2 protein chains.
Amino acid sequence: MPSRSAVPDGKRPTLSDLAARAGVSVPLASMVMRGAKGPSAASRERVLQAAQEIGYRPDSRARLLRSSRSHLVGVQFDLQQPFHADMVEALYAAAGAAGYQIALSAVAASRSEQEAVEMLLADRCEALILLSPHAPAARLAEFAAQLPVVSVARRLRPLTEGVDVVRAADDEGARQAVDHLVALGHRDIVHIDGGRAPGAADRRRGYKSAMKHHGLTDRVRLVPGGLTEDHGAAAARTLLTDSSRPTAVLAFNDHCAIGVLDTFLRARIRVPDEISVVGFDDSHLARLAHVQLTTVGQEARQLARRAVSRVVARLEGGATDDEREVVVTPHLVIRSTTRAPCRS
Amino acid sequence: MPSRSAVPDGKRPTLSDLAARAGVSVPLASMVMRGAKGPSAASRERVLQAAQEIGYRPDSRARLLRSSRSHLVGVQFDLQQPFHADMVEALYAAAGAAGYQIALSAVAASRSEQEAVEMLLADRCEALILLSPHAPAARLAEFAAQLPVVSVARRLRPLTEGVDVVRAADDEGARQAVDHLVALGHRDIVHIDGGRAPGAADRRRGYKSAMKHHGLTDRVRLVPGGLTEDHGAAAARTLLTDSSRPTAVLAFNDHCAIGVLDTFLRARIRVPDEISVVGFDDSHLARLAHVQLTTVGQEARQLARRAVSRVVARLEGGATDDEREVVVTPHLVIRSTTRAPCRS
DNA sequence: CATTTGATTTATAACGTTGTAACAACGTTG
DNA sequence: CAACGTTGTTACAACGTTATAAATCAAATG
């Protein structure tokens, strides 16, 4: 059996191995390793040198155990949602900047939110950031009784005690999309909605209010849709068999928009020449070279920053109640699926 | 400020809080919580009751610190790769079944593999499972000197000391795709390759050898491609401007195949009526309702199982050197982008 | 020279858990 | 009745780290 490290017995080297090697005391080695001020330049040098030699790495578990603060934020995300991937990346950055670490726990078909959260709690996280949690508000409230909880992208109404919400302004996003289309000259703008999905009601409302604002109340048209390509494709087929075809479509999200695009492509309807399509989320789907979907961006970076700063505020005592719900303004990402209608 | 738990001072309840509440000693409470045999039914009842009341949760960090074994496997994955999402899900299941837990560490544009691994090591993982690692073999070898390392989907040649490899048989996958197309009656089968990407050489080889096996050596045709939709689209355009168009295309991966499909669709070439397309990976892209791509499945579940059992073998001493490289046979998933050619 | 100061370093005690060994309390057995 | 298992319980020490306070030492002061 090959040796696993520079320490004879094959165990992972500890602070006392390090201290012994450097010829100093354990606490001093500790101070050097965590960059505390105090040790002289010479000692620091010796310890770091020794650390290099024996391949010492601090054991974060022991560290966290000792200090009452763990500076660890648990993040629950869904493996299959591209938007969550963007969020997790942004969260790493935001948390790091605030001096916190992140513990990931994934949700998937075979792994429930319950399991995911249990694990984060066992890991001694100081706070939870849940991406689009599906758990009932009551369960979230239970967690919130133990530690700060932030729900990202899932709105809670009424505001649940102790659970902060950070989300995009879905209504505002839909409004921006409509404004953009109207500015291009569109009037017959259809919204394929998301039914009972989180955010769907807001997007519907934003769509309607924007149409009204542009004096197009009589052109408002909702087609039942959903979250998937299939929903989009089905809705698009409905539009095709229709006598009066709209000149623009605002889909519930990118997935749905992709289904719409594909159906149109197969039906030989050119996008954006004959009809414009707008999605929602700015997921990586929208950015695919052959898709280049105009879409409403959710500003993952912003959402992440706000979620983290909310958590930090709660933990470090700067939380104010007027920020229990943080709403981030989304912004339209204009790509190649929108253009002026060929004739108005 | 609202109270955060059932314990007065707002701290997370510990074993001694629990023991005090239940009127027993700390070790006894510990035994109950970890389900050890010994405590009487009455004590067990009392402790569990108390745990319920004060919302006690074992602190996994303290647990792991105490016991020399952590039973923790670190998994490094790429947030943006759908195939990794499938693998992570399968790994949770496989590790759980083997009595191990998983610590996730993500790689993304703003987070390097180096950082990801550092964090896993600090977390006291006993082994690493790296999904398609890009780090140079030398770095992997360094890690392997400290703990068991498994590289999934990235082949290492020569076999790096201490690093196990678990991967799909890329050549066999390509072979299966060609066999399927030939069985349908295709003879002019083009391969859009992946250049220098991991696995590309094997897929190329499998393609060529299968063609040869079917007596189609003179029909072998390679078009330079790559990993993205753009690469596929570019290659497809090359094929379009060509005098003799093939009847089937085997793309390097699903992304590439999607680019091909889209280009054909825009050029009014019907798939699979006029031309068949096969992808590679069986990522969620292939499963999209409007894509339904015939593709070579990588068997995430199998790969995960083998990776975990490899790790367990190393940790528990059942490792044999003849399994340093585990190759899992992929299997073709036939969907709607392949069909017999309209005329041979 | 005794004493204070400031800069380094160290001893000690935690953090929350679990393994080991010891300890009661009990009925059994020779 | 003493020795003996059982069964259930507990004291104690450890895991690797860090916070606190105490100790050391050189230089600077009175």
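Here is how names work: the chains are called A, B, and so on, in the same order as the sequence lines, proteins then strands, and each is numbered from 1. Keep in mind that this is a model prediction, so the values were computed, not measured.
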When S67(A) and R66(B) are each assigned the nearest nucleotide of DNA chain D, the 5'-most assignment goes to R66(B)
Please tell me whether Q114(A) and R139(A) have a donor and an acceptor in their side chains that are separated by less than 3.5 angstrom.
yes
Worked verdict on L18(A) versus T14(A) for side-chain contact (heavy atoms from CB on, under 4.5 Å)
CA-CA 6 Å; L18(A) 175 60; T14(A) 77; over 6 Å; no
Which one is paired to dG30(C), where only Watson-Crick or G-U wobble pairs with both distances under 3.5 angstrom count?
dC1(D)
Phosphate oxygens OP1/OP2 of dT18(C): is one of them under 4.0 Å from a side-chain N or O of R63(B)?
yes
Under 4.0 Å from any atom of DNA chain D, heavy atoms only: list the residues of residues 22-50 of chain B that qualify, in numerical order.
V24(B), S25(B), P27(B), L28(B), G38(B), P39(B), S40(B), S43(B)
Might you list the N or O atoms of the protein lying below 3.5 Å from N or O atoms in nucleotides 24-27 of chain C, with each pair's distance?
none

Is it the case that the side chains of R34(B) and S30(B) hold a donor-acceptor pair, with the cut-off being a distance below 3.5 Å and no angle test?
yes
What residue among L91(A), V152(A), L131(A), I129(A) forms side-chain contact (heavy atoms from CB on, under 4.5 Å) with F77(A)?
L131(A)
Side chains of R111(A) and S105(A): donor-acceptor distance under 3.5 Å anywhere?
yes
R44(B) atom CZ, neighbour heavy-atom count above 12 within 6.0 Å:
yes
L64(A) CG to dT17(C) P, in whole Å, measures 14 Å
Residue pair R12(A) / Q146(B), side-chain donor-acceptor N/O under 3.5 Å
no
Rounded interatomic separation in angstrom, taking CZ from R124(A) and C1' from dT17(C)
11 Å
Closest non-hydrogen atoms of S132(B) and A153(B), given as atom of the first, atom of the second and distance, are OG-CB, 3.9 Å
Rounded off to whole Å, could you give me the CG-to-P distance for the L18(A) and dT18(D) pair?
11 Å
More than 12 heavy atoms of other residues, nucleotides or ligands under 6.0 Å from CZ of R301(A): is that the case?
no
What does the list of N/O pairs under 3.5 Å between the protein and nucleotides 22-26 of chain D look like, with a distance for each?
none

Between D123(B) and R61(B), is there a salt bridge with N-O shorter than 4.0 Å?
yes
Output yes when R155(B) and E325(B) qualify as a salt bridge under the 4.0 Å nitrogen-oxygen rule, no when they do not.
yes
